[in-house]
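Report on one structure; see the data block that follows.
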Amino acid sequence: MSEIVLKNVCKQYEKGQQYAVQDVSLRIGEGEFVIFVGPSGCGKSTTLRMIAGLEEISRGELWMDGALCNYVEPKERGLAMVFQNYALYPHMNVYDNLAFSLQIRKMDKKEIDRRVHEAAGMLGIEHLLRQRPGSLSGGQKQRVAIGSALVRNVKVFLLDEPLSNLDAKLRAQMRVELAEIHRKLGATMIYVTHDQTEAMTLGTKIVVMDQGRIRQADRPAEIYNHPADRFVAGFIGSPSMNFFKGTIRVPGRAAFLELEDGTMLEVPENRAGLLEEKYAGQRVVLGIRPEDLHEAGWPGGSGKTGHADRSSWKLEGEIVAREMLGSECMLYLESDAGDFAARLPVAVRGAVGEKKQLYLDMTRAHYFDAQTEKNIFYREGRDLV
Amino acid sequence: MSTQTNAMALRRGGYSEAELGRLHEEMNRCALRKKHVQTGLLVAANTLVALVILFPLLYSVSVALMPSNELFTMEMNLIPKHPTFENFIRAWTQVPLLRFIINSFLVAGSITLGQILTCSLAAFAFAFLEFRGKNVLFLLVMATMMVPGEATILSNYLTVSGMGILDTYSVLILPSLTSAMGIFLFRQFYLSFPMSLFESAKLDGCTNLRFIVTILIPLTKSAIGAMAVYTFINAWNMYMWPLLVTGSENMRTVQIGISMLNSVDAQSVTLMMAGVVTIILPSMVIFIAGQKSLIKGMFSGAVKG
């Protein structure tokens, strides 16, 4: 049992200054792989450091295993941390680096030796045990850093952007290994990153933060498919979601979204009800991911579903850039309704400077309130305390 | 085949393979000569400047080796014609020079050890720990650097005479056991120390003292070395304070002992120079030995770099 609960946790570095972390409430269950993600300065690292005990909590409560831990010393919290810059002791060899925390705890020499070799074996660094950190490559150093956390045999691991100093290929490899370690140990992992690929692939729960507050905390698929607000929608997904300002019009039986250039997009029936009722004549923001834009002729692109006329879901723009990604192709377009990007099959026609008409899959679109920027169809989170 | 070689010859401006090789060799030789000349010029310039800077030192060595009648002539006498160790022998026998040197070593060594201990511990607190009033306290420490030593020397004298420790080793050592400069130097050095190493050690269960002993000190050897050399030489060269608080010959340090050579019988410059040369030797040895740790970087591999 190793449950961590944060209740309205705040961090203020100096009195009268802005909060670095504000009212963060979160329950982290045993064995979860929780990812804190957000732009730099959003408070994700500070939150992690408060859990570790490296920063004092200004206000709020931190509970671990049912005990209030606000003022418990870091070493007594029973957690291990991996730092971005590895934090290896340069004057000790790899073996001593791994064994250091166990030696401090005056553990039996044989047990230390067993654990060090076990961790080294798991990470494939047994042949490096006699070397000093200075002679290791970045990937090897990161393995040693993870190893020195593993030997502690703790229930909770904290990782502060552990992969951001590695090159892209190594990062992908370490990502897979981290997932493997998590599966093997079944320990709780709390992980801070600004890389959304890491967040999406590793996490069992993603916590999106901005300006010291949690914007949304949920499973990766939920975050991607049901973003709570415009910030989350724009932050998760690469390239990010397209946004169009528009107004809801209800001229007859059907509801339409009128974009700024006058384009009328008919709202599909599963979305029409609430929009007609509460937002008729009001401004909303339409969000649609690049992969939900298609060329004419995509399956189900013509004809009618229910009462919505799919042939109205089109938007024309001038191609300003074209990126070949290998398996697919990105088009960046400009229109009077706003700039947008589309992820299309490689065979798509259209050169830079040409006009191109694309179809929006409105069944997969998101609608945000123009004032509050909240997702109009989002229901408040289930996992929050 | 022939068209191919023709084409190659054309591409290389009509030179054959052999001619081309010779040309390359010629160019290389030329460049090498130029490089040698440049290095030679640099070495010559450096030697010249070094001689100018070292002149007083070299001249004092030379004077120390001269018989006194050679010095007081109208001729330009840079190098002794009849070098002799007479002056050194007289300097060593006329005053207890060895005693002075031992005194100075004892005093300077204790001061160095004491300062490294107190300054590094204080600097650790200023650099790594968070506590209320840290900045104000640090400013206060820095402010003491602005008070000149001459301003406090009398009140210090009254204090130590009140304590009844005049003319002892304690009075030479105690007032210099810590220094604001040392605290400042160590703090600056610690500020560039990766904070994550401290935090990582803390999570590993390391106490502050254990962190200092097992991690901080081994990794800041170069700062400690620099500080040690600086402090030792400063302490070795102390003059005003030892002159004021010591009276007996047994407690004199070298700098004061040297001036005693001046007043024993007649003034003898050559004798004094022999004394001076003797007592700068230890500081030079300390400097040369400490120089290595001044330069040595201990940070390879601590963090990404």
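Residue numbers start from 1 in every chain, and the chains themselves are labelled A, B, ... in the order their sequence lines are given, proteins ahead of strands. All values derive from a computational prediction rather than experimental measurement.
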### Query
Between B:Lys134 and B:Phe138, is NZ or CZ placed under 6.0 angstrom from the six-membered ring centre and within 45° of the ring axis?
no

#### Entry: Choice from A:Leu79, A:Ile104, A:Val82 maximising heavy atom contacts with chain B below 4.5 Å
A:Ile104

### Query
Can you tell which of A:Arg152, A:Glu76, A:Glu73 has the highest number of heavy-atom pairs within less than 4.5 Å of chain B?
A:Arg152

### Message
Taking ring-ring contact (aromatic ring centres under 6.0 Å, His included) as the definition, give me every residue that meets it alongside A:Phe33, ordered by chain and number, with sequence neighbours left out.
### Response
A:His182, A:Tyr191

### Query
So which part of A:Leu54 gets closer than 4.5 Å to some heavy atom of chain B, the side chain, the backbone, both or neither?
side chain

#### Entry: Under 4.5 Å from a heavy atom of chain B, the part of A:Arg49 involved
side chain

### Message
My understanding is that only residues two or more places apart in sequence, or in another chain, count here; which of them pass ring-ring contact (aromatic ring centres under 6.0 Å, His included) with A:Phe157?
### Response
none

### Query
Judged by atom type as modelled, is there a donor-acceptor pair below 3.5 Å linking the side chain of A:Arg27 to the main-chain atoms of A:Leu6?
no

### Residue part contacting chain A, namely of B:Thr214, when any heavy atom lies under 4.5 Å
both

### Query
So, are A:Glu111 and A:Arg114 salt-bridged, with charged N and O less than 4.0 Å apart?
yes

